[in-house]
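Just below is one structure, and these are the notes that go with it.
Here is the naming used below: chain letters follow the sequence lines, and residue numbers restart at 1 for every chain. Quick note: numbers below take in every heavy atom, side chains included, and nothing from hydrogens, waters or symmetry partners.
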There are 2 protein chains.
Amino acid sequence: MRDTTTARAEELRIDAPHRELLDQVLDKWSLSVLNELCERPCRFNELRRAVPAVTQKSLTATLRRLERNGIIERHVVATRPVAVEYRITRLGKTLRAPVDALLEWADTYLPQIEHARKAFDAETE
Amino acid sequence: MRDTTTARAEELRIDAPHRELLDQVLDKWSLSVLNELCERPCRFNELRRAVPAVTQKSLTATLRRLERNGIIERHVVATRPVAVEYRITRLGKTLRAPVDALLEWADTYLPQIEHARKAFDAETE
DNA sequence: CAGTATCCCCGCTGATACTG
DNA sequence: CAGTATCAGCGGGGATACTG
């Protein structure tokens, strides 16, 4: 029997399902969308405005993927015209802490990394 | 003047440089490579064996990218034939904690997420 | 308003072959 | 051993146009 807790302390497993999950949850637009929905529920076009660079198609795909994974919920309000509200789920909220940790890491070390890139590019030229 | 500390507590910024950095550091093979190199320094072919699904070309690309970002170091030992050892840097080690948090999240919630997927696929059919 | 439907491109990936 | 070189395929992503 494998003791995953102990194993993880030494070496983290990264198999296909884990990799796929991270791909779906951390892809190009997901973080920006999650970021907005952590603040408040949003309508489709609100999200478009909040993330100006995303196209309709990609935003739709991102929202569907996050919904499928149980990270966000889609609520249709049958007004005229129809209104659709997206909300983060309880499951989705659990993502906040690890993603924040990652973004803080990026924020903290970006300067050092940009410095490393310049050094690398200079000596590679 | 912007107070990034306060701002981050409410809403994390995800701009292009941050997004690019995460893409480079979290891409398809990087986590597996980092995982190995956190354990011990590795040679090129050791890494290939440790990550069987990766091709030479992709492994080379991954290593170069990580090296360029200052996450790993490349040491050439001028033996015959040549030996090349890859090691994690101090900067690279700072990635460990946030990435671990993410992998633990994936490990913890993967069952719930697979359940959500099935539910979604069932009612979408 | 909140999407679909097409078309198209290009960039990543893998497969394969070759080399200092 | 540790790569580089080349080619081919396909899938994501954007641009654009249309719709209940």
For residues 41-55 of chain A, please give each side-chain donor-acceptor pair under 3.5 Å, one per line with the distance, not counting sequence neighbours.
residue	atom	partner	partner atom	Å
A:Glu46	OE1	A:Arg43	N	2.7
A:Thr55	OG1	A:Ser58	N	3.2
A:Thr55	OG1	A:Ser58	OG	3.2

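- A salt bridge links B:Asp23 with B:Arg19; the closest basic N to acidic carboxylate O contact falls under 4.0 Å.
- With rounding to whole Å, A:Arg48 atom CZ is found 10 Å from C:dG3 atom C1'.
- Spacing between atom CZ of A:Arg49 and atom C1' of C:dG3 amounts to 15 Å, rounded to whole angstrom units.
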Take A:Leu26 and B:Leu102 through the side-chain contact (heavy atoms from CB on, under 4.5 Å) test and state the conclusion after the steps.
CA-CA 10 Å; A:Leu26 301 178; B:Leu102 206 57; 3.4 Å; yes

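- For the OP1/OP2 pair of C:dC1 and a distance below 4.0 Å, the side-chain nitrogens and oxygens of A:Tyr86 include no atom meeting the criterion.
- In DNA chain D, the stems built from three or more successive Watson-Crick or G-U pairs (distances below 3.5 Å) are C:1-20 with D:1-20.
- Side-chain nitrogen and oxygen atoms of A:Arg43 include none within less than 4.0 Å of the OP1 or OP2 phosphate oxygen of C:dC1.
- Minimum interatomic distance between A:Val82 and A:Val77 (heavy atoms only, all atoms of both residues): CG2-O, 3.4 Å.
- Among A:Leu34, A:Leu95, A:Val33, A:Leu66, the one residue that satisfies the side-chain contact (heavy atoms from CB on, under 4.5 Å) test with A:Ile88 is A:Leu34.
- Note on B:Arg87 versus B:Glu85: salt bridge recorded, some NZ/NE/NH1/NH2 to OD/OE distance being below 4.0 Å.
- In this structure, B:Trp29 atom CH2 and C:dC12 atom C1' are separated by 13 Å, rounded to whole Å.
- Residues B:Asn45 and A:Val82 both approach DNA chain D. Their nearest nucleotides, taken by heavy-atom distance, put B:Asn45 toward the 5′ side.
- The nearest whole Å value for the distance from the CZ atom in A:Arg80 to the C1' atom in D:dG20 is 9 Å.
- B:Thr89 contributes a side-chain N or O that, together with a main-chain N or O of B:Gly70, makes up a donor-acceptor pair within less than 3.5 Å.
- Ionic pairing of A:Arg96 and A:Glu104 is not present here: no N-O contact between side-chain nitrogen and carboxylate oxygen is shorter than 4.0 angstrom.
- Between A:Lys28 atom NZ and D:dG12 atom P there is a gap of 14 Å when expressed in whole angstrom units.
- As a whole-Å value, the separation of A:Gln24 CD from D:dG12 P is 11 Å.
- Heavy-atom distances under 4.0 Å link DNA chain C to A:Gln56, A:Lys57, A:Thr60, A:Arg64, A:Arg74 of residues 50-74 of chain A, given in residue order.
- Nearest heavy-atom pair, A:Arg74 versus A:Val84, reported as atom, atom and distance to 0.1 Å: CG-CG1, 3.7 Å.
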